[in-house]
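See below for the structure under consideration.
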Amino acid sequence: MTCADALCRARGLRFTAIRQSTYTLLLRQRQPVSAYRLLEMLERDLGHKLAPLTVYRALDFLLGSGLIHKLESTSEFLVCDHPDEQHQSLYLVCTDCGGAEEVAMQAVSTAIEREARQRAFRPRRQIVEVQGLCKRCDAA
């Protein structure tokens, strides 16, 4: 948490209490979490109802600051493994347990950038997700 707070301060961003709480909840999870599940957990922790927009705003901030990522295939969120670096990642998503692993693969990013450049295409965001079975689920 201290790392996230320090990164926000260094970038001139306000790491408000609700943003910190949302980030802390995501840090505690073993797998990606939906916005509505986060809303339920926040309400339980804070002891009062919240508007869904509150959570979406916190998630937008955390995404924009690079502290978390969103899996597009499931609309779930997970903490970034290395938020202090600008990077594009590949996500290995288990279709059985729902777990996801972030893998930094410069070769994949480079290939995407090269192909886009050859086609005069300007990518704004790249998300690469590979679905399959994790080691634990595959052994079961």
Side-chain angles (χ1 to χ4, degrees):
M1 175 65 113
T2 321
C3 175
D5 190 37
L7 279 173
C8 286
R9 266 190 267 116
R11 296 173 181 165
L13 302 171
R14 288 189 44 221
F15 201 38
T16 64
I18 196 72
R19 293 169 179 173
Q20 289 177 19
S21 295
T22 303
Y23 185 70
T24 299
L25 282 172
L26 283 168
L27 278 173
R28 291 184 197 150
Q29 305 308 305
R30 296 189 184 273
Q31 60 189 39
V33 182
S34 72
Y36 275 95
R37 179 70 182 118
L38 278 169
L39 176 63
E40 291 170 4
M41 291 187 287
L42 277 169
E43 288 176 341
R44 184 192 64 231
D45 286 359
L46 299 174
H48 61 84
K49 286 288 197 190
L50 295 169
L53 189 56
T54 304
V55 173
Y56 281 110
R57 284 182 178 153
L59 290 168
D60 284 345
F61 169 84
L62 296 170
L63 283 167
S65 62
L67 293 171
I68 66 170
H69 298 292
K70 180 180 180 184
L71 295 176
E72 295 297 324
S73 62
T74 60
S75 292
E76 294 176 322
F77 302 87
L78 67 159
V79 171
C80 177
D81 290 341
H82 37 277
D84 53 338
E85 303 171 11
Q86 280 289 80
H87 64 283
Q88 299 293 333
S89 295
L90 168 115
Y91 303 94
L92 303 176
V93 182
C94 181
T95 55
D96 197 11
C97 70
E101 183 178 351
E102 178 181 5
V103 181
M105 296 217 32
Q106 188 57 44
V108 172
S109 295
T110 301
I112 291 170
E113 290 168 12
R114 182 185 63 242
E115 293 299 320
R117 194 173 32 256
Q118 287 175 358
R119 290 163 176 78
F121 181 80
R122 238 182 5 192
R124 292 196 176 125
R125 188 170 72 132
Q126 69 186 42
I127 299 157
V128 180
E129 297 178 31
V130 179
Q131 295 186 355
L133 293 176
C134 68
K135 182 178 179 179
R136 188 174 40 128
C137 291
D138 194 37

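In this chain, numbering begins with 1 at the start of the sequence shown. These values consider heavy atoms only, across backbone and side chains, with no hydrogens, waters or symmetry-generated copies.
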Could you tell me if the side chain of [Y] sits less than 4.5 Å from the side chain of [X], heavy atoms only?
| X | Y | value |
| --- | --- | --- |
| C80 | I68 | no |
| C8 | R14 | no |
| D138 | K135 | no |
| E76 | Q31 | no |
| L67 | V79 | no |

Requested in this report: Take T22 and R19 through the test side-chain contact (heavy atoms from CB on, under 4.5 Å) and record every step on the way to the result.
Outcome: CA-CA 5 Å; T22 303; R19 293 169 179 173; 5.8 Å; no
Query raised in the report: CZ of R122: more than 12 outside heavy atoms within 6.0 angstrom?
Result: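 No, the 6.0 Å shell around CZ holds no more than 12 heavy atoms from other groups.
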Query raised in the report: Should we count CZ of R11 as having more than 12 external heavy atoms under 6.0 Å?
Result: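 Count over threshold, so yes.
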Roughly how far, to the nearest 0.5 Å, is [atom2] of [Y] from [atom1] of [X]?
| X | Y | atom1 | atom2 | result |
| --- | --- | --- | --- | --- |
| I18 | R57 | CD1 | CZ | 11.5 Å |
| F77 | Q29 | CZ | CD | 13.5 Å |
| L42 | H48 | CG | NE2 | 9.0 Å |
| L50 | D45 | CG | CG | 10.5 Å |
| Q20 | D5 | CD | CG | 5.5 Å |
| E40 | R37 | CD | CZ | 5.5 Å |

Requested in this report: Could you walk me through whether M41 and V33 pass side-chain contact (heavy atoms from CB on, under 4.5 Å), step by step?
Outcome: CA-CA 10 Å; M41 291 187 287; V33 182; 3.6 Å; yes
Query raised in the report: Where do V55 and A35 come nearest, in terms of heavy atoms and distance?
Result: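 For V55 and A35, the tightest heavy-atom pair comes out as CG1-O, 3.8 Å.
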Requested in this report: Apply the side chain to side chain contact (heavy atoms under 4.5 Å, CB included) test between V128 and each candidate in V103, I112, L92; give the one that qualifies.
Outcome: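 Going through V103, I112, L92 one by one, the side chain to side chain contact (heavy atoms under 4.5 Å, CB included) with V128 is satisfied by I112 alone.
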Query raised in the report: Do L26 and F61 share a hydrophobic cluster, counting only Ile, Leu, Val, Met, Phe, Trp and Tyr and linking them when any side-chain heavy atoms are less than 4.5 Å apart?
Result: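 As far as the 4.5 Å side-chain criterion goes, F61 and L26 are connected within one cluster.
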Requested in this report: Run the numbers on E115 and R119 for salt bridge (charged side-chain N to carboxylate O under 4.0 Å, His left out), then give the verdict.
Outcome: CA-CA 6 Å; E115 293 299 320; R119 290 163 176 78; 2.5 Å; yes
